[in-house]
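Computed from heavy atoms alone, side chains included, the values below leave out hydrogens, waters and symmetry copies. Treat the numbers as computed from the prediction; the structure is a model and nothing was measured. Order of the sequence lines fixes the chain letters, A, B, ..., with proteins taken first and strands second; residue numbering starts at 1 for each chain.
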2 protein chains.
Amino acid sequence: MDAMLDTEGKETSATHGAYRRLREMILTGELPPGQKLKIEQLRSLLNTGASPVREALSLLTSDMLVERMDQRGFRAAPVSKCNFEEILLLRCNLEETALRASIANADAAWEDRLVLRHHHMKKASQNGAHDFEDAHKAFHMALLDNSKLPLLLRYCSQLYDLNIRYRYLAAGGSSYKKRDIAAEHHHILDAALDHDADSATKHLIDHYRRTGEYLSSQMDT
Amino acid sequence: MDAMLDTEGKETSATHGAYRRLREMILTGELPPGQKLKIEQLRSLLNTGASPVREALSLLTSDMLVERMDQRGFRAAPVSKCNFEEILLLRCNLEETALRASIANADAAWEDRLVLRHHHMKKASQNGAHDFEDAHKAFHMALLDNSKLPLLLRYCSQLYDLNIRYRYLAAGGSSYKKRDIAAEHHHILDAALDHDADSATKHLIDHYRRTGEYLSSQMDT
DNA sequence: ATGTCAAATAATATCGATATTTTTGGAGAT
DNA sequence: ATCTCCAAAAATATCGATATTATTTGACAT
């Protein structure tokens, strides 16, 4: 019938659409951690069949955003301080590796991409919050993607997403004070453009640890 | 009807069964890299419906053993020397982190587990090859699992599996000369039991780089 | 009151069939 | 011969329905 309405614009398959919608809802906390994800409920919520929903949940399972319980269906992955700290640890490790590799491969095209992404992020930070999230991720991934290491990039992207959840849970969204953040981003950008791997990784990791400590403290409450 | 025949023994769901069978076939090369994976073909091969097959393929997609092509179905993930080298790089990085964390948490129970796993692996190396693969992975994961870092362990397990494929492709299976390997395993075990993190990681990484170089040389042919 | 068991209910997992899309194969034009 | 385009075939993606499994409810016995 209407596998793809085209009223919205650009959704390829129902499965992919469901995947993106569900992912978004889990990341933002609209589907809170630990919540049971009933097929029928999601089916009607997303206006689609059971098959695309199940397939989307299977994909999200391997992204560690959804857990499958033997014969008892799915639920949004739970959160814990322990989990948060592991994410932080792995991000520091993997992103350092990726950033150093990126800088080692530095060329003009990459620098252009970085500058552009940074500009878009800055612009988006003045507009709506939703745009900013995407632009922020795009900037961070642009820092790493010149490493030309697809597996590593995939892990970094996954961990980035897992981390977003905690930001949404702690604050109301991307409202963790932006003034410091902007300066930190600038330091990372400048160091990357200078091909100064030590400085860039130091600033990047400081950036993570700082917001990490902030979020960690919020979680004790 | 017969969602679970129980003639074999212990398969929980059709999806999980299909997942395991397909994973095995891709790891061993029975389904060679790049091969188109047609639903109907797999459906009859595994004696199950289209839904479990699709779900299993979705899960394998996120394990990076299967690729989904927009509206053109699935195929076994391709291989390349580049991909192999990235796997090696990431394994060295992540397993070092995990092994050091494991040793930092060392206790008697862990040491017992290590000794047992090593013993089982040694015993299996004298028997059938299939047993050995499982025991070998169990030993390597036992080295790491005292880190108590589930995300990290998951990545290590994934990368281990991705690496297995290259072993099966290069040799006929686990036939890469076992004498050196046994000694290398012993060095790692002893260092771990001594809580000597530097020595253990050195031996572990040497172990990987050595077989890595061997496989890498095989791939040029 | 409380615990246990069975029937009723609800939800999952799976199947069979259909609609949609991609690929194939061949006829006609250049 | 080669290319383009259209119809036929194949394969995918999705739907609706069913069988299976888990959960709840309430009656009964202790």
- request: Is it possible for you to check whether A/R117 lies under 6.0 Å from the centre of the six-membered ring of A/F139, through NZ or CZ, and within 45° of that ring's axis?
  value: no
task: May I ask you to establish whether A/R91 and A/Y208 are in a cation-pi arrangement, using a distance under 6.0 Å from NZ or CZ to the six-membered ring centre and at most 45° from the ring axis?
output: yes
Side-chain N,O (B/T48) to OP1/OP2 (C/dC15) below 4.0 Å: yes
query: Any side-chain donor-acceptor pair under 3.5 Å between A/S102 and A/K148?
result: no
message: Measure CD/A/Q71 against P/D/dA19 and give the value in whole Å, please.
response: 18 Å
task: For A/R72 and for A/A50, find the nucleotide of DNA chain D with the closest heavy atom, then tell me which residue's nucleotide is more 5'.
output: A/A50
message: In whole Å, I'd like the distance from the CD1 atom of A/I39 to the C1' atom of C/dA10.
response: 13 Å
- request: Check the distance between D/dA11's C1' and B/R54's CZ and give it to me in whole angstrom.
  value: 10 Å
query: Which whole-number value in Å describes the distance from A/K38 NZ to D/dA22 P?
result: 16 Å
task: Rounded off to whole Å, could you give me the CD-to-P distance for the B/Q41 and D/dA11 pair?
output: 9 Å
query: Can you tell me how far P of C/dT23 sits from CZ of B/R75, to the nearest Å?
result: 12 Å
- request: Examine D/dT14: is either OP1 or OP2 under 4.0 Å from a nitrogen or oxygen in the side chain of A/T15? Give yes or no.
  value: yes
- prompt: Of the nucleotides C/dA11, D/dC15, D/dT14, which one has an atom closest to the side chain of A/K36?
  reply: C/dA11
message: Distance check needed: D/dA13 P versus B/L57 CG, whole Å only.
response: 10 Å
query: Under 6.0 Å between the ring centres of B/H140 and B/H185?
result: yes
field: Spacing of B/L42 atom CG relative to D/dA11 atom P, expressed in whole Å
entry: 12 Å
